[in-house]
Amino acid sequence: MKTRLWLLDITDRVVDGVSETHLWGIDDAGRRVLVIDRRFRPYFYLLLAENVDFASVTPDVKKKLTPLLPVTLKQETKKQFFGRPVNALKLVYDNAEDTVSTSRLLAKIPGIKTSLEHDVRFSSKYLIDNEVNPCGWCEVDIDELEHAEDAQVDAVYLAATPPKPIDLEARPPLRILSFSTICYSSRGTPRPERDPIVILSLATNAGDVTHFMAEDSDQALIEAFIAYINAFDPDVISGYGINTSNWPYLLKRAQLHGLALQVDRAQSEPHRSVYGHIAVAGRANVDLYDFADEVPDVKVKTLANMARYLGVLKAENQTPVEDLEVAALWDDPAQRPRLLTHADHTAQTVLALTHVLLDFALQLANLVGLPLDHVGPAAVGFRTENYLMKQAHRLHELVPRRTRRPYVPYAGGTVLKPKPGLHENVIVLDFTSMYPNIMLTQNVSPDTYVPKEAADPPSGVSVAPEVKHRFRRSPPGLYTQALASLLTSRDALKRTMAGLSPSHPEYRVLDARQSAVKVITNAVYGYAGWVGARWYSRPVAEATTAWGRYTIKRTIALARELGLDVIYGDTDSIFVQHDEARTDRLLQRVQDELGLEIRADKVYTSVLFTEAKKRYAGLLPDGRLDVVGLEVARGDWTEAAKTVQEQVLILLLTEKSPEKPIAFVHHYLQRLRRQEVPYRDLVIWKTLTKPLAQYKVRAPHTEAARRLLEQGWDLTVDDKVGYVITKGSGRLYERAIPYQFSSYDELDLAYYEAKQILPSAHRVLAAFDVSEEQLRLPASRNPLPT
DNA sequence: GCGCCCCTCATACCC
DNA sequence: ACGGGTATGAGGGGCGCG
């Protein structure tokens, strides 16, 4: 018998000392199935030192193994390590838990260089070796199970063969459940030991929106949630911040009531897993917050902000509920319905956001080979690494161990000094995927690097400028093959998409796929320079940026030869006058001489530069303002400062003279003094990047955080603190108050004028020789209230 | 005690 | 826990001044 399985989740366990793998998925008839594979065995390698043969080490290995568990030894002669053929002993075990401890012991035997792949997760090896990907289809021969398995699925089977990847068009329809909770706290952050969950709202893609309310306690609420999940039987459970907040809270509350939070398909409970996330066996628990980083335009990553930006926050009619208000709303029978509406709305928003982000998550999981619930919480480096491990398997390359290394800095890209002032009709020319293409064309990879003392290999080498690192020309290395595959697949996806209407159902999937491919393509260079990477290689990273600097330098020279004035440039781009004939010739010459593609990107009808690098603003042909690096583009300036700067820029770039902008600033300052600028536009948001105790200086946002803590609020690393500056004397940090605890009358408006509005406006007006003095309100008029 | 200088710390951006 | 390059503001210490 055969089954075709779309892989949703993979778990493993040890039964009677033997590891087994559980494949949870959906078959091509839409049934939820579990396939148990007892055939795949844990293993690791012992790498033999050079000029050491199997015969001279095997007896020692066997001797050490005797008192240990049964192990099968295999001689591997087809493996490579960093591109060099090696001999390795493969030790195959029964129990994955035994491999790590014995690998360390055996690596000390003379003639053994090191142990390898003992530090790769068992389930990862399973997927990689079988070339099976999560969120993709596989085919497997199955037998009936001799004993019943306690799993909440339509069928449980035993694998009779290893699974084989197969190409089936569409994924099966998934049952999705999104939820959110509201906890009651009379003071500060709710504590699970003390404060109940008062509302749990959920929304499903079957169209149901439901909530459960606490009565005397939240026990019935939790029981109702468990019952609902088991009845609806979702494949995907999603939420916003559920890995850090909702799940841990629910688990603690359930524990206090003596309840088992049985919501998975294995009759067990959610538990913390490798990347600190919560795993729900047999389902995919997806925390959408983990994908918020993919949307850099959203600075303060609340659910509402994400949803608004992605266009899924339909009903904005209701006033948002602040954490501070929850207790009062719950306690007031007249207000409680508002809280319930808010809760339901939140769950619906999470579901809507899931629809937007899930395709990307599925494609990323499938591309890099991490299970759906792992791929979100896994950092970019680990996503990239998993993709590389899959490539390595195909090339018979052994996976290097994770080791601690010292950090040694190296030089990056070139940034040109801009020509300050207003420029008209400017085009931006960009290299397409500069670093990936450099690595591809020069065969830059950890396994093609020729060490300083080594002689040139027969294939010849390419030599990086400045740093002089050498890379053998052939055969293609691990990175090279990975990038070739990524770059060609993205091209193909783009071509297919071009032939489809964006409304075509396939289009969304292809677009999600190409985004996933792009993310990993762009991450490979950074991965190479990350000291935590298994395939870390400083020469690779350093050579890549050196070729990049050479490339941009030559491009500038070619532009000048063609009579094009270079106004600015950063790493892989140059800004020149928009002269079609000359830029066309430049693109051709760059392609011919450098073998890299440079493309016309944006055109600015007018663009303004200050003296500073990485900061400019321009008008696009459709009239939109594009702001780069300036305060408008930053999350740590007040909305007030950003609004003013944005208006000043629009007026400046359209009028090309400073009169109207100056008048606008004056007008805005008057409104500020009359308290007509909304209070929330005067809040400053800053991220806590470490625990409060580790700060070496007192800063406004750390002191505001301290005040929040005193009032019972929890703050963790990566939380944003919103504060305002109040009147009084002394340091700013003494006057920085969490915005919830202050009011308009207490604000130091002079600070907002002098340190927010005026600098951000002046920054862009300085190019027109406007002084900050000219932007201030005349002293006689509208004096500041004291 | 205050203003000034210079340096460090901290954050967030660009590519 | 992917890279380096860059701008900017506030804190903090040292110094001279009154």
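As a basis for the values below, the full set of heavy atoms in this structure was taken, side chains included, without hydrogen atoms, waters or symmetry mates. Sequence lines set the chain letters: A, B, ... in the order given, protein chains first and strands last, and positions in each chain run from 1.
- Taking 4.0 Å as the cut-off between side-chain N and carboxylate O, A:Asp430 and A:Lys602 do not count as a salt-bridged pair.
- The interatomic distance linking A:Tyr536 (OH) with C:dC2 (C1') rounds to 12 Å, in whole Å.
- Ion pair A:Lys613/A:Asp570 not flagged as a salt bridge, since none of the NZ, NE, NH1 or NH2 atoms sits closer than 4.0 Å to an Asp/Glu carboxylate oxygen.
- The side-chain tip of A:Lys690 points at the ring of A:Tyr695 from less than 6.0 angstrom away and within 45° of straight on.
- A:Arg763 comes within 4.0 angstrom of sugar-phosphate atoms only, judged by non-hydrogen atoms across all strands, and of no base.
- Residue A:Gly381 is in sugar-phosphate contact alone, with no base atom involved, counting any heavy-atom pair closer than 4.0 Å across all strands shown.
- Whole-Å rounding puts the A:Arg615 CZ to B:dT11 P distance at 17 Å.
- Look at A:Arg634 and you won't find any side-chain N or O under 4.0 angstrom from OP1 or OP2 of C:dT8.
- Picking from C:dA10, B:dC14, B:dA12 the nucleotide with the shortest atom distance to the side chain of A:Val628 gives B:dC14.
- For A:Tyr410, the side-chain atoms get nearest to C:dG4 when compared with the rest of B:dC9, C:dG5, C:dG4.
- The nucleotide whose nearest atom lies closest to any side-chain atom of A:Pro700 is, among C:dA1, C:dG11, C:dT8, C:dG11.
- Side chains of A:Asp511 and A:Gln514: a donor on one and an acceptor on the other come within 3.5 Å.
- Here the side chain of A:Tyr525 is nearest to one of B:dC9, C:dT6, C:dG3, namely C:dG3.
- Nucleic acid contact for A:Ala411: sugar-phosphate only, since backbone atoms but no base atoms lie under 4.0 Å from a heavy atom of the residue.
- Residue contacts for A:Lys614: at a heavy-atom cut-off of 4.0 Å it reaches a base atom on one of the strands shown.
- Which of B:dC13, B:dT11, C:dT8 sits closest to the side chain of A:Lys686 comes down to B:dT11.
- Take the nearest nucleotide of DNA chain C for A:Thr414 and for A:Tyr527: the residue whose nucleotide is more 5' is A:Tyr527.
- Considering only side-chain N and O atoms, A:His701 lies nowhere under 4.0 angstrom from the phosphate OP1 or OP2 of B:dA10.
- Phosphate proximity of C:dG5 to A:Arg549: absent, as no side-chain N or O sits under 4.0 Å from OP1 or OP2.
- Of the candidates B:dC14, B:dA12, C:dG9, B:dA12 carries the atom nearest the A:Lys720 side chain, counting heavy atoms from C-beta on.
- Taking 4.0 angstrom as the limit, A:Lys690 places a side-chain polar atom (N or O) nearer than this to OP1 or OP2 of B:dA10.
- In this entry the distance linking CG of A:Leu732 with C1' of B:dC9 reads 15 Å, nearest Å.
- The shortest distance between the side-chain N/O atoms of A:Arg698 and the OP1/OP2 oxygens of B:dA10 is not below 4.0 Å.
- Residue-level contact check: A:Ala633 touches the backbone only, with heavy atoms under 4.0 Å from sugar-phosphate atoms and none from bases.
- Looking at heavy-atom distances under 4.0 Å, A:Tyr407 makes contact with sugar-phosphate atoms alone, never a base.
- Ion pairing of A:Arg707 with A:Glu710 is absent here, as no side-chain N (NZ or NE/NH1/NH2) approaches a carboxylate O to less than 4.0 Å.
- Counting to the nearest Å, the P atom of C:dG11 and the CZ atom of A:Arg735 are 9 Å from each other.
- The side chain of A:Ala379 lies closest to C:dC2 when the candidates are C:dC2, B:dC14, C:dT6.
- Backbone-only engagement by A:Gly629 is indicated by non-hydrogen atom pairs under 4.0 Å involving sugar-phosphate atoms exclusively.
- C:dA7 atom C1' lies 15 Å from atom CZ of A:Phe609, rounded to whole Å.
- The separation between A:Arg405 atom CZ and C:dC2 atom C1' is 13 Å, rounded to whole Å.
- Close to C:dA7, at under 4.0 Å from its OP1 or OP2, lies no side-chain N or O of A:Tyr616.
- Between B:dA12 and A:Thr687, a contact under 4.0 Å exists linking OP1 or OP2 to a side-chain N or O.
- Residue A:Lys696 places its side chain closer to B:dA10 than to any other of B:dA10, C:dA1, B:dC14.
- Look at A:Tyr733 and you'll find a side-chain N or O under 4.0 angstrom from OP1 or OP2 of C:dG12.
- Nucleotide C:dG4 holds its C1' atom 17 Å from the CH2 atom of A:Trp530, rounded to whole Å.
- Salt bridge annotation for A:Glu703-A:Arg731: absent, with no cationic side-chain nitrogen under 4.0 angstrom from a carboxylate oxygen.
- The pair A:Arg549-A:Glu466 meets the salt-bridge criterion, with a side-chain N (NZ, NE, NH1 or NH2) lying under 4.0 Å from an Asp/Glu carboxylate O.
- The pair A:Glu385-A:Arg534 meets the salt-bridge criterion, since a charged nitrogen lies less than 4.0 angstrom from a carboxylate oxygen.
- Protein atom NZ of A:Lys518 is 19 Å distant from nucleotide atom P of C:dC2, rounded to whole Å.
- In terms of phosphate contacts, A:Tyr695 brings a side-chain nitrogen or oxygen within less than 4.0 Å of OP1 or OP2 of B:dT11.
- Between B:dC13 and A:Lys299, a contact under 4.0 Å exists linking OP1 or OP2 to a side-chain N or O.
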